[in-house]
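As structure tokens, the structure follows; a few thoughts come after it.
Start at 1 and go down the list; that is how both ligands and their atoms are numbered. All of these numbers come straight from a predicted model, not from anything done at the bench.
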Amino acid sequence: MNRSIGKYRYAGRKKFSADKFDPADKGGFQGREEAVLEFVDNLKKINRLQQKLYAERKEGLVFVFQAMDAAGKDGVIRTVFNTLSPHGVKEYCFKVPSSEEMSHDYLWRFWSALPPRGSISIFNRSYYEDVLVGRVKELYKNQTWPDRLKGTDVIGQRYHQIREYEKYLYETGTRVVKIFLNVSKDEQARRFVSRIDVPKKNWKLSLNDIKEREYWDAYMEAFEAMVNRTSTKESPWYVVPADHKWYARLIVSRIVLQTLKEMNPDYPVNNGEEFEQAMQYRQALIDSITDGKLPDSLPEADALPIEVSIDEEDVRLFSEPDAIAAEMLMGEEFQKISEKGRSLKKKGLSAVSRLAKSGYKVKYTDEIIKAVVDSDKKKG
Ligand code: AMP
Ligand code: MG
């Protein structure tokens, strides 16, 4: 399997054309089961690199997420960043600007969301809204401008300002990596329908989002211009096919992993005067331990046992990467299969046995045991 993300990367030279891009691309995979092991593996690697990034505190990192509604931004963010340490990661959701925000320049509200060295900020929407919805709806026309700026090409200027802004951040110690989850118009319609049909998704419904489909083509033009005018080597755009949620999640995990690999963080070496002095206390510390025992080495995160239940509402696991893996296997699609009357249990069991075969300790719950017994009975 080709694990390169070069195909989806725009760094200034290659032009992005919305017409030629396939949002249903699965990169040669047949289905999610094939993707799961790599995904879990990526999350583990991301987790280790993030710990180093945080320890080293040399550089801040921003992941910007932009997409049409229902493209799966929230799900991608939830699954890919789920396993990171909360002290080094923060998500910021940017909504319609408040009246206070509107009374400032459009970049003003982002300064305070930038990460300190060693941390990651996730921008769930960003200043790119100002060249997306801002461009499609010409929102700048509702703002007041000084006379000297009347008649300026506001949007045209913004591409340039954003490029400069991100360059400035890069040169001062913060990387910005941008991800556009590209969903098709058909798939968006399907997801809106399911937001209407499935009670637990009703809360995501927004009439406004549905009406916004009227402007689909204008949005695609805006996305195209955004990618083509703000992609740089230092601050690339990745356009990710988003019709298959599991594939989008896999690709985003690759992007995050690759970015961290490029940053190449490592634990700082502490061999200064303080360390020398601490060494002198070492024996005294050991002597002061009542039973004289030193700590056992802790198990690696990936060696922790997991517990899987095949009930969709009750996927209980320990060790987060595995939880995500199971969610990919046992989430929405899984539910759909049961609705279609196909064997939910069979599907669940194959997921469980796959995890078990790949070296995870699977603790069989009552439901799983019952399902195994039932399926054995059927086989005769
Ligand atoms: P959601 O993320 O679905 O909760 O929706 C947030 C909404 O805020 C979206 O409809 C965005 O288009 C909108 N939004 C975010 N930033 C801006 C902005 N700078 N100007 C206008 N609308 C924005
Ligand atoms: Mg919305």
> Are Tyr127 and Gln161 close enough that a side-chain donor and a side-chain acceptor fall under 3.5 Å?
Replying inline: no

> Considering only heavy atoms, which of Arg125, Met68, Gln66, Lys137 lies nearest to atom 2 (O) of ligand 1?
Replying inline: Arg125

> If you draw the axis of the six-membered ring of Tyr10, does the NZ or CZ of Lys14 fall within 45° of it and under 6.0 Å from the ring centre?
Replying inline: yes

> Purely on distance, is any nitrogen or oxygen of Asp130 under 3.5 Å from one on ligand 1?
Replying inline: yes

> Pairs in or reaching into residues 283-293: which pass side chain to side chain donor-acceptor pair (under 3.5 Å), with residues at least two apart or in two chains?
Replying inline: Gln283-Asp287

> Is the shortest N/O to N/O distance between Lys95 and ligand 1 below 3.5 Å?
Replying inline: yes

> What pairs meet the ring pair (Phe, Tyr, Trp, His ring centres under 6.0 Å) rule with one or both residues in residues 53-86, with sequence neighbours excluded?
Replying inline: Tyr54-His87, Phe63-Phe81

> Do you see a donor-acceptor pair shorter than 3.5 Å between the side chains of Asp153 and Gln157?
Replying inline: no

> At under 4.0 Å between heavy atoms, which part of Leu139 makes contact with ligand 1: side chain, backbone, both or neither?
Replying inline: side chain

>> Under 4.0 Å, heavy-atom basis, I'd like to know which part of Val96 is in contact with ligand 1: side chain, backbone, both or neither.
In response: both

> Between Asp41 and Lys44, is there a salt bridge with N-O shorter than 4.0 Å?
Replying inline: no

> Does ligand 1 have an atom under 4.0 Å from some heavy atom of Met102?
Replying inline: no

>> Looking at Phe94, I'd like to know if the NZ or CZ of Arg109 sits under 6.0 Å from its six-membered ring centre while staying within 45 degrees of the ring's axis.
In response: no

> When only distance counts, is Lys73 in polar contact with ligand 1, meaning an N/O pair under 3.5 Å?
Replying inline: no

> Would Pro97 count as a contact of ligand 1 if the rule is a heavy atom under 4.0 Å away?
Replying inline: yes

> What part of Arg109, side chain, backbone, both or neither, has a heavy atom within less than 4.0 angstrom of ligand 1?
Replying inline: side chain

